[in-house]
Amino acid sequence: MTRWALRLALRLYPRRWRDARGDELEQLTEDLLDDPGERPWRVVVSTAVGALREQARPRYLTGGRLAGLGLTGAVLAAAGLGVAFLVGQGPGVDLIPASAQSTGRLSTLTGMEAVLDTQRVRVTVNGVAVPLFEIASRSVGFEGMADTHLEKAAQPVSVHPVPPVPAPSVPSQSAPTPSVPMQPVPVSTVHTTVTVDQGSFRPPVFRFSPLVAVKRAIAYQVLTDLTIRDAEKEGRVVSLATARAYAEKEDALWRSHPQPHLRGSPKPVFLTSGAVAEYQQILTIDQELTVIAGSQEDGNRTPALRRWLTGQLTENSVVIDGVPGLTPANLAASLPPNL
Amino acid sequence: MTSMGLRGSSDRSVLVLTSLAGGPKHGYALIRDIEELSGVHLGPGSLYGCLTKLEEAGLVEALPSEDRRRPYRLTGDGLRVLRDRLTESERIARVGLARIAGGTA
């Protein structure tokens, strides 16, 4: 499963980059996975974040801009989920009630429930929203996609309830009891519910690390999805709750990270200077994407697609910082002097 | 990338250049060497992000390889930039330590 995730992460790099360095990076990741002292998900996350950075670099923004846009949306969506882990009451993720499955709107992280639809999430950072395309669409190469595919991806995701099945044989017996009846969830309609409590969120000193949030959320989200995909490949159907239990087990590795600022502790942590730098980079990417979405000179997109993008930027958003006036500068300035 | 450019970049670039100053290395060897010399664990994505930028700046270059583990080495420019950067760091460290000790440097 780890290698599957790695292959996916490697495919997220721009095609030109993959052509030049993909083989050697893949070899490196294989060497690292063979190293018993290496944490597999650290390799996966580093590779995925590296792909994000490459996608956002100006030299790749001509052919693969929207792929990068979607990828960034995915990462930022994951960040939103991760923030929920850190400021909420534990992971706070559960099987979505059937009554809420048609909910396409994302609430803001201000103490209420947010419904994250992995097919349609939009994330706002400092008031700038980016849409999330299907990750699967990038795995087949964005360049070959027509606008019609994008328009199709923008349509609401249909949910196809399937009858309950016996407990699947996923390697984790420590599944928490779901708060709603367990229900099998097809791969194409995986939803996640996040309950957010901002009681410990006290600006201007931020007590969470966006970097940690991104890394943990990616690992958690990918693990959950992969468990379901593996089950489907084997002809089984697995409930989201069971897949989550397995993901939580893997995610526990993050919580025992030897470096406190990288540890996925549910308790708040201070930002380190390194995390601030990472956050600044995320903001920079985000601002860059704003320019892309508003660009009038991009010959690779049709006006219809531009209109669609613009529309998506203004709705179905979730605010992951939640603090007006947040900038990299005042974020850094708010850090305790001993950091 | 000039020394000024390197100064503005992350310390990862310096670590990669420092590691390569000891001889050509492929990705896995770089990660382990950097971990040993600095205690910093670079992930594969971070490492290749650095290598890509450094190679584009002409500070490192890839060597031919018979397998997929392609080694990298410092270029002449890379060596010069690294020397400048480390010299500058040394000077700052010297001044800082002197000030901590109550000196006037």
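Owing to the predicted nature of the structure, the values given are computational and were not obtained by experimental measurement. In the text below, chain A, chain B and the rest are named by the order of the sequence lines, each starting its count at 1.
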Asker: Quick one: do Arg21(A) and Thr52(B) satisfy side-chain contact (heavy atoms from CB on, under 4.5 Å)? Show the steps, please.
Answerer: CA-CA 9 Å; Arg21(A) 303 171 193 274; Thr52(B) 300; 3.4 Å; yes
Asker: Below 4.5 Å from any heavy atom of chain A, which atoms of Ile31(B) appear? Answer side chain, backbone, both or neither.
Answerer: side chain
Asker: Give, as side chain, backbone, both or neither, the part of Thr29(A) having an atom under 4.5 angstrom from any heavy atom of chain B.
Answerer: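 The side chain, not the backbone.
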Asker: Contact part of Glu35(B) toward chain A, heavy-atom cut-off under 4.5 Å: side chain, backbone, both or neither?
Answerer: neither
Asker: Between Glu30(A) and chain B, with a heavy-atom cut-off of 4.5 Å, which part of the residue counts as in contact: side chain, backbone, both or neither?
Answerer: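 The answer is the side chain of Glu30(A).
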Asker: Which distance, rounded to the nearest 0.5 Å, do you find between the CZ of Arg68(B) and the CG of Leu25(A)?
Answerer: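 Between Arg68(B) CZ and Leu25(A) CG, I get 9.5 Å after rounding to 0.5 Å.
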Asker: Hey, what do you get for CH2 (Trp17(A)) to OH (Tyr48(B)), rounding to the nearest 0.5 Å?
Answerer: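 The OH atom of Tyr48(B) is 7.0 Å from CH2 of Trp17(A), to the nearest 0.5 Å.
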Asker: Out of His26(B), Arg70(B), Arg69(B), which one pairs with Glu24(A) under the side-chain hydrogen bond (donor to acceptor under 3.5 Å, both in side chains) rule?
Answerer: Arg70(B)
Asker: Considering non-hydrogen atoms only, spot the tightest contact between Leu28(A) and Pro44(B) and give its length.
Answerer: CD2-CB, 3.8 Å
